[in-house]
Amino acid sequence: MIREASHQERLDTALRRSVKSPDPVRGTTVTVRVRFAPSPTGYMHVGNVRTALFNWLFARGQDGVFILRVEDTDQRRHVEEAINVITDGLRWIGMDWDEGPEVEGPFGPYFQSQRSDLYHEHAERLIDAGEAYLCYCEAEGADPEAACRCAERADPNDRIATGLAVRLSNPGGRSEFEDIVGGHLSFDNEQFGDYILVKSDGTPTYNFANVVDDTAMEVTHVIRGDDHVSNTPRQLMLYRAFGYDPPRFAHLPQILGPDGARLSKRHGAASLTEYRDRGFLPEAFMNYLALLGWAPRGEQEFLTPAELIDGFRLEDVRKSAAQFSMEKLVHLNSLHIQRLEPEERRDLAIGSLMRGEILDEASASDPEILERVGEIVEAMGNRFRYGEQIVEFGAHFFTEEVEIPGDLGSHFADDAVREALSSAADRFEACNEWTEEAIEEIVRASAKESGLKAAPLIHAVRVALSGTTAGPSLFTLVRLVGPRRSAQRIRSALDSFPAGETSE
RNA sequence: GCCCCGUUCGUCUAGCGGUUAGGACGCCGGCCUCUCACGCCGGUAGCAGGGGUUCGAGUCCCCUACGGGGUACCA
C-alpha cells in the first residue's frame with residue numbers, strides 16, 4: 001500500500017537537501033544562510049528578538065551565516081538612532097551577525113533603501129518577461145472594488161516611470177510549500193490578485209524586496225513570524241516568475257502578552273531595553289526566549305547560550321502561540337545570577353543601583369564603595385532575582401536612616417525586648433572588634449540578661465536596622481550596617497514606637 | 001465575508017494508537033532555620049466540545065466553538 005509521505009518524512013528530506021548537504025550541481029557543501037530583517041522602528045520588540053534568536057541559533061548550530069538586513073524601504077525615519085536600537089539590542093543579548101551594518105559583507109549594501117537599482121532592474125526583467133506590468137490607475141481615490149484593468153494594456157516595452165506602480169501578472173494556480181514548522185501549506189494564487197511589486201513612488205513593496213534580496217543574498221532559510229505565512233504564496237509566485245529556487249520557510253508562532261493578546265507596546269514590557277534596564281541578564285533572557293515556542297529534547301530548562309545553540313532544532317518549534325511569563329523569566333534569571341562570578345554579580349548590582357539613583361557616577365567607581373557593594377551583594381545571596389531587586393531590598397544599606405512600616409512596630413512592644421535592644425545598641429557602639437562573632441555574642445548576651453530567648457531580639461534588631469523582616473543573617477546585617485548606624489537605628493526605632501503603645 | 005493556522009494543568013511544555021498523561025514556573029503544605037530566600041520532601045491542577053475510524057484515541061479523520069494571522073501602492 002502506497003501512502004503519502006508523512007510531514008516528518010518530507011521535512012527530513014527537505015532538511016537533508018538544504019542543510020549542509022553536498023550540492024548536486026556544484027558538488028560543494030551548501031552553507032546555511034539566514035537573515036534577520038527588522039525595520040528600524042526605533043525599538044526592539046521582544047517578538048522580533050525571538051525571531052532574531054531562532055535565526056541566530058539555527059545559523060550558529062549549522063555553522064551557517066547570520067545576516068542582518070535593515071528593511072527601511074518605506075520608512076522615512078531611516079535614522080541612525082533607530083539602527084542603533086537594533087544593533088545595541090542584538091549585541092546586548094549576545095547575538096553577533098556575520099553580514100550586515102558595521103561588518104558589511106559580500107552581498108551588501110544591507111539597507112534596502114540603498115538597493116533601489118537592484119529592485120528596478122528586477123522589475124524591468126519581470127515586465128520584459130511579461131510576468132509584470134505597469135499600472136496606470138490612480139494610486140488613490142479609485143474605487144477599491146473596481147478591478148485594475150491595466151493588465152489588458154500590458155506591454156513588455158514599458159519602462160518603469162515615476163508615478164506608475166508595477167503589478168505582478170498573477171499566474172493563477174496554487175502555491176504550495178513545506179513549512180519546517182507549519183507543515184504542508186497550500187494557497188489559491190487567485191486570491192492575491194495582481195498585487196503591487198513597486199509602488200508608484202518607485203519603492204518596492206515588502207514582498208518584492210524580500211524575494212529580490214533573499215535571492216541576491218543567497219538566503220537558504222527564511223525564518224520569520226507566522227504573521228508572514230500568507231505572504232509566502234505571494235513570494236512563491238515571484239520566485240517562479242524569476243525562475244529562482246525558493247528558500248525553505250519556517251514560520252514561528254507569535255508571542256502573546258500576559259493577557260493572552262498579542263504582545264505589544266500596550267503590555268508595557270514588550271521592549272528589549274526594558275529588560276536590560278531592569279537588571280535582567282542577557283543570557284537569562286535568551287534562555288527564556290528560546291523556551292517560548294521551542295523545547296529542548298531533554299528536561300533541563302536552564303540552558304547557556306552554547307547549550308541552546310547545541311540543542312536547538314528548527315523542527316522542534318511548536319506551531320501555537322506562547323504567552324510571555326514574567327515569573328518564569330524571573331526564575332531563570334535568578335538561576336543565571338547564581339552562576340555569575342562575584343564581580344559580575346556586583347557589577348549587575350552597581351548598574352541597577354545607579355539606575356535607581358542609590359549610587360552616582362562618582363561613587364560607582366570608588367573602590368571602597370565597590371567593595372562594600374560586593375559584600376552587600378554576597379550577603380543578599382539569592383534574595384535578589386534581577387538587578388532592580390537589589391534596590392528594592394537593599395536600599396537601606398545605602399541610606400543613613402531607615403523607615404519602619406507601622407505594622408512592624410509590634411516588635412518593639414515588649415519591655416524585655418526594649419531593654420535588650422537598648423543594651424545591644426550601647427554595646428555595638430562600644431565594640432572594638434567588629435566581627436560577626438562579636439556581634440552575635442552581644443546580641444545573645446543582651447537577650448539573656450533581659451531574660452529573653454535570642455529570637456525576639458534578633459527579629460527586633462532586624463526590623464530596626466532594615467525596616468523589613470526579610471534579609472540575610474542578622475549578624476551579617478549588623479556588621480554591614482556598622483556599629484554607629486546600628487545603634488542609631490535601634491534607638492530611633494525605640495523612639496518611633498514608644499513603650500505601652502500598641503500599634504496594630 | 002473569504003483564505004490560512006492554532007487549541008494538553010493558571011502559564012511554558014513532553015507526548016507522535018496501549019502512559020497511574022511526565023517535567024518546569026506559579027500556588028499550597030512540610031522539613032531546615034534568627035527572618036526571608038535557597039535547598040529538600042509532598043500536594044493542587046490539564047487533553048476545548050461533539051461525532052467517527054480502531055480491540056484500543058491526547059495522539060488519525062470530520063464538524064462545532066473559541067483564539068490568532070492575512071485579505072494595503074505597511075513591513
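Each chain gets a letter, A, B and so on, in the order the sequences are listed, and its residues count up from 1.
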Tell me: [atom1] of [X] to [atom2] of [N], nearest whole Å?
{"X": "A:Y119", "N": "B:C73", "atom1": "OH", "atom2": "P", "answer": "19 Å"}
{"X": "A:L289", "N": "B:C12", "atom1": "CG", "atom2": "P", "answer": "14 Å"}
{"X": "A:Q389", "N": "B:C36", "atom1": "CD", "atom2": "P", "answer": "17 Å"}
{"X": "A:Q323", "N": "B:C9", "atom1": "CD", "atom2": "P", "answer": "12 Å"}
{"X": "A:F393", "N": "B:C36", "atom1": "CZ", "atom2": "C1'", "answer": "9 Å"}
{"X": "A:I337", "N": "B:C38", "atom1": "CD1", "atom2": "C1'", "answer": "14 Å"}
{"X": "A:Q300", "N": "B:U13", "atom1": "CD", "atom2": "P", "answer": "18 Å"}
{"X": "A:D214", "N": "B:A75", "atom1": "CG", "atom2": "P", "answer": "15 Å"}

Selected nucleotide, minimal atom distance to [X] side chain, candidates [options]:
{"X": "A:S320", "options": "B:U71, B:G6, B:U35", "value": "B:G6"}
{"X": "A:R262", "options": "B:G26, B:A75, B:G70", "value": "B:G70"}
{"X": "A:A470", "options": "B:U35, B:G68, B:A75", "value": "B:U35"}
{"X": "A:Q254", "options": "B:G68, B:C12, B:A75", "value": "B:G68"}
{"X": "A:F187", "options": "B:C4, B:U11, B:C73", "value": "B:C4"}

I'd like to know if the side chain of [X] pairs up with that of [Y] as donor and acceptor (distance under 3.5 Å, no hydrogens or angles considered).
{"X": "A:H251", "Y": "A:T232", "value": "yes"}
{"X": "A:T304", "Y": "A:E307", "value": "yes"}
{"X": "A:N207", "Y": "A:T205", "value": "no"}
{"X": "A:D213", "Y": "A:Y119", "value": "yes"}
{"X": "A:N333", "Y": "A:Y275", "value": "no"}
{"X": "A:S264", "Y": "A:R262", "value": "no"}

Got a sec? Which of residues 373-385 of chain A come in under 4.0 Å of RNA chain B, heavy atoms?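 Output list: A:N382, A:R383, A:R385.
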For residues 448-456 of chain A, which residues have at least one heavy atom under 4.0 Å from RNA chain B?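 None, since no heavy atom is under 4.0 Å.
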Donor-acceptor pair (no angle test) under 3.5 Å: [X] side chain, [N] base:
{"X": "A:R462", "N": "B:C34", "value": "yes"}
{"X": "A:S325", "N": "B:C25", "value": "no"}
{"X": "A:S473", "N": "B:C34", "value": "yes"}

Test: [X] and [Y] ion pair at under 4.0 Å:
{"X": "A:E178", "Y": "A:R248", "value": "no"}
{"X": "A:D214", "Y": "A:R69", "value": "yes"}
{"X": "A:K328", "Y": "A:E301", "value": "yes"}

[M] and [N], which share atom name [atom1], separated by this distance in whole Å:
{"N": "B:G39", "M": "B:G46", "atom1": "P", "answer": "26 Å"}
{"N": "B:A14", "M": "B:C60", "atom1": "P", "answer": "14 Å"}
{"N": "B:C63", "M": "B:G30", "atom1": "C1'", "answer": "49 Å"}
{"N": "B:G26", "M": "B:C40", "atom1": "P", "answer": "13 Å"}
{"N": "B:A72", "M": "B:U64", "atom1": "P", "answer": "26 Å"}
{"N": "B:G10", "M": "B:U44", "atom1": "C1'", "answer": "12 Å"}
{"N": "B:U33", "M": "B:C38", "atom1": "C1'", "answer": "12 Å"}
{"N": "B:A65", "M": "B:G49", "atom1": "C1'", "answer": "7 Å"}

In the structure shown, which nucleotide is the Watson-Crick or G-U wobble counterpart of [N], with both distances under 3.5 Å?
{"N": "B:A24", "answer": "B:U11"}
{"N": "B:G6", "answer": "B:C66"}
{"N": "B:A45", "answer": "none"}
{"N": "B:C32", "answer": "none"}
{"N": "B:U19", "answer": "none"}

So what does [X] hit on the nucleic acid, given a heavy-atom distance under 4.0 Å: a base, only sugar-phosphate, or nothing?
{"X": "A:L256", "value": "nothing"}
{"X": "A:T469", "value": "base"}
{"X": "A:G293", "value": "sugar-phosphate"}
{"X": "A:E301", "value": "base"}
{"X": "A:F324", "value": "nothing"}
{"X": "A:H228", "value": "base"}
{"X": "A:R444", "value": "nothing"}
{"X": "A:P472", "value": "base"}
{"X": "A:L474", "value": "base"}

Please compare A:N231 and A:L292 by the position of their nearest nucleotide in RNA chain B and report the one closer to 5'.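 Counting from the 5' end, the first nearest nucleotide belongs to A:L292.
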In terms of the nearest nucleotide of RNA chain B, which residue is placed more toward the 5' end: A:F192 or A:K319?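 The residue whose closest nucleotide sits nearer the 5' end is A:K319.
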Kindly say if A:R318 contacts the phosphate of B:G6, meaning a side-chain N or O under 4.0 Å from OP1 or OP2.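 It does not, given that no N or O in the side chain of A:R318 lies less than 4.0 Å from OP1 or OP2 of B:G6.
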Taking only the side-chain nitrogens and oxygens of A:T73, find out if one of them lies under 4.0 Å from OP1 or OP2 of B:A75.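 Answer is yes, contact under 4.0 Å.
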One pair to check against side-chain contact (heavy atoms from CB on, under 4.5 Å): A:F192 and A:F187. What are the steps and the verdict? CA-CA 10 Å; A:F192 304 112; A:F187 297 82; 4.1 Å; yes
With ring pair (Phe, Tyr, Trp, His ring centres under 6.0 Å) as the test, would you mind laying out the steps for A:H336 and A:F302 before giving the verdict? CA-CA 8 Å; A:H336 278 90; A:F302 174 93; 4.2 Å; yes
A:T399 versus A:R489, closest heavy-atom pair with distance: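 Taking A:T399 first and A:R489 second, the nearest heavy atoms are O-NH2, 2.6 Å.
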Honestly, is A:R479 close enough over A:F475, meaning NZ or CZ under 6.0 Å from the six-membered ring centre and within 45° of the axis?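 The answer is no; the distance or angle limit is not met.
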Residue pair A:R345, A:E378: steps toward the salt bridge (Lys or Arg N to Asp or Glu O under 4.0 Å) verdict: CA-CA 8 Å; A:R345 204 155 35 232; A:E378 288 318 295; 3.3 Å; yes
